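Below, chains carry the letters A, B, ... as their sequence lines are ordered, and counting in each starts from 1. Please read these numbers as outputs of a predicted model, since none were measured by experiment.
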2 protein chains.
Amino acid sequence: MLRLSKLTDYATVILSDMAKDKTQVHSAMEIAATTRIALPTVSKILKLLVNAEVLISTRGAKGGYVLAREPENISVATVISALEGPIALTECSISQQACEQAAGCGIRGNWSLINQTIHNALESVTLADLIRPTVVPDEVLIPVSSLYR
Amino acid sequence: MLRLSKLTDYATVILSDMAKDKTQVHSAMEIAATTRIALPTVSKILKLLVNAEVLISTRGAKGGYVLAREPENISVATVISALEGPIALTECSISQQACEQAAGCGIRGNWSLINQTIHNALESVTLADLIRPTVVPDEVLIPVSSLYR
DNA sequence: TTTAAATAGGACTAAAATAGTCCTACAAAT
DNA sequence: ATTTGTAGGACTATTTTAGTCCTATTTAAA
C-alpha cells in the first residue's frame, strides 16, 4: 500500500520526540520509555540513524544520542532512506542492470520521473515541519501534470 | 524502500501494453506471452484491475480484457490502489483507530498532509503519460514546502 | 447441443522481506 | 574497577508478498 515500514514510522516518532528537546542527550532507554517502543527496537533504529548521520552518539555512562543538526535540516526523505534505503518506487530505478522486460519497456523513463517527484516532495518536508502544529491547507498544489502538458 | 510491489510494477507494464492498442480485446494468455510474465500471475493482476474498474472483462471464447476508459483517465494512483489498497504511508492514516502512541503523537496531522501530497502527485500522472516517450525536464517543481512557510 | 476457449473466485504454498531479540565487544564516567 | 551506556552483528519469528492451482461459469463456434 505504498506503505512506510513500521521502523520508519517509529523513527519519525523518536526523532520528533528528540527534536522537542534538541540539545539534550537522550539514552536509548529513556527514548524507549517515553515512546513506549521496545528497547531493542529503539536501539536498532537509533543505530541506523547514527549511520545516516542524522544522530550523533556518545558512548559510555551519560552517553546517548543527539540530533546531528537542526530539525529544519533533517528531511523526511533522509529519514526514510536511512531506514529503508534509496527511495525508488520501481526496482529498475535502483539497480542499473536492465530487467527482463527492459528491451520492450517504454515506461522506465517516466517512472524515474515519478520517483523524482516523490523524492522531491519528501525532501521538502523536514522534521521541523513534522512537529509543527497541524495545519490543513485548503488545497495542495502539485504541478507534476504540468510536466506533461 | 518505499517500493511498489512487483505486482503493481507488472500491472503498469501490462496496462501500458494494452494502452498501445486500446480498443482491442486481449486475452490473459496473449498478455502473458507479450509481457513474459507468468500466466497465473497475469490472471491475478487482471482480475484485480477488473475489480478496480480499470479493465472490463468479457468471458467465454474470444473473451478477454479491454481498458475501461481512455489512458488519459487512468491515473497511476488508481492502478497502485487497485493492487495495493489505499495509498497511505503510515498505518494511522488508514485505520481510524488510534495507535498506542496516538495520545502523545503530534505528527499524525502532518503525515496525512504528506500522504495527500504524494497521492496528488500520483493522481496527476496517467497511463497516457507513462507510455509517452520519456522527457527529462530540467527541474521538477514541488511547492510542498510552501505550505509551511 | 456439444466442445473449446475464456474469465471468476478462492484456496493454497512458497518465498522473501520485515520486525524484533539477543549477545558480545567497546567506551567513558565515577 | 564498576557501572552505564552504545556498536555491531547474528539470529529467530512473523508477516507480507508472490506465485500456483483448482473448480465453476460464461460464451462462441463447430
Side-chain angles (χ1 to χ4, degrees), chain A residues 1-11 13-14 18 24-33 35-66 68 80 82-86 88-91 94 99-100, chain B residues 1-11 13-14 18 24-33 35-66 68 80 82-86 88-91 94 99-100:
Chain A
M1 320 186 185
L2 202 67
R3 199 72 61 79
L4 251 44
S5 74
K6 272 195 189 180
L7 293 186
T8 306
D9 201 346
Y10 292 162
V13 172
I14 291 172
M18 294 178 73
Q24 170 109 28
V25 174
H26 302 266
S27 73
M29 252 185 65
E30 185 194 325
I31 293 170
T35 60
R36 300 188 176 198
I37 300 168
L39 177 59
T41 304
V42 169
S43 295
K44 184 175 185 173
I45 294 167
L46 292 171
K47 287 170 201 168
L48 288 168
L49 291 171
V50 169
N51 287 336
E53 303 185 324
V54 170
L55 296 179
I56 291 172
S57 64
T58 318
R59 286 186 168 196
K62 305 254 165 142
Y65 301 87
V66 219
I80 294 177
L83 277 285
E84 316 194 10
L89 268 49
T90 49
E91 194 58 43
I94 298 174
C99 68
E100 294 169 39
Chain B
M1 322 188 182
L2 201 70
R3 199 72 61 79
L4 251 42
S5 74
K6 271 195 191 180
L7 293 185
T8 306
D9 201 346
Y10 293 162
V13 172
I14 291 172
M18 294 179 73
Q24 170 108 27
V25 173
H26 302 266
S27 73
M29 251 186 65
E30 184 193 327
I31 293 170
T35 60
R36 301 186 176 197
I37 301 168
L39 177 60
T41 303
V42 168
S43 295
K44 185 177 184 172
I45 294 167
L46 291 171
K47 286 171 201 171
L48 288 168
L49 291 171
V50 169
N51 287 337
E53 303 185 322
V54 170
L55 295 179
I56 292 171
S57 64
T58 318
R59 286 187 168 197
K62 304 252 166 146
Y65 302 87
V66 221
I80 294 177
L83 276 286
E84 317 194 11
L89 267 49
T90 49
E91 194 59 42
I94 299 173
C99 68
E100 295 169 38

Between [atom2] on [N] and [atom1] on [X], what's the gap in Å once rounded to a whole number?
X       : N      : atom1 : atom2 : value
B:Met29 : C:dA4  : CE    : P     : 15 Å
B:Ile14 : C:dT7  : CD1   : P     : 12 Å
A:Leu39 : C:dG20 : CG    : P     : 13 Å
A:Ile80 : C:dT18 : CD1   : P     : 14 Å
A:Glu30 : D:dT4  : CD    : P     : 15 Å
A:Ile31 : D:dG5  : CD1   : P     : 12 Å
B:Leu83 : D:dT16 : CG    : P     : 17 Å
A:Ile37 : C:dG20 : CD1   : P     : 9 Å

- Item | Where protein sits on nucleotides 25-30 of chain C, one letter per nucleotide: B base, S sugar-phosphate only, - none, heavy atoms under 4.0 Å | -BBBS-
- Test side chain to side chain contact (heavy atoms under 4.5 Å, CB included) applied to B:Ser57 - qualifying residues, sequence neighbours left out: B:Val50, B:Tyr65
- Message: Check this for me: B:Gln24, atom CD, are more than 12 non-hydrogen atoms of other residues, nucleotides or ligands nearer than 6.0 Å?
- Response: yes
In Å and rounded to the nearest 0.5 Å, what is the [atom1] to [atom2] distance from [X] to [Y]?
X       : Y       : atom1 : atom2 : value
A:Glu53 : A:Asn51 : CD    : CG    : 9.0 Å
A:Leu49 : A:Lys44 : CG    : NZ    : 12.5 Å
B:Ile45 : B:Lys6  : CD1   : NZ    : 11.0 Å
A:Ser5  : A:Asp9  : OG    : CG    : 8.0 Å

- Message: Of the options D:dT6, D:dG19, C:dT18, whose atoms approach the side-chain atoms of A:Ser57 most closely?
- Response: D:dT6
- Looking only at side-chain atoms of A:Tyr65, point me to the closest of D:dT6, C:dA6, C:dG20. D:dT6
Locate the shortest heavy-atom distance separating [X] from [Y]; write the atom from each residue and the value.
X       : Y       : value
A:Ala11 : A:Leu83 : CB-CD2, 3.8 Å
B:Arg3  : A:Leu89 : CD-O, 3.4 Å
A:Met18 : A:Leu46 : SD-CD2, 4.5 Å

- Query: Any side-chain N or O of A:Tyr10 under 4.0 Å from OP1/OP2 of C:dG20?
  - Reply: yes
- Residues from residues 40-53 of chain B sitting under 4.0 Å of DNA chain D, heavy atoms only? B:Pro40, B:Thr41, B:Lys44
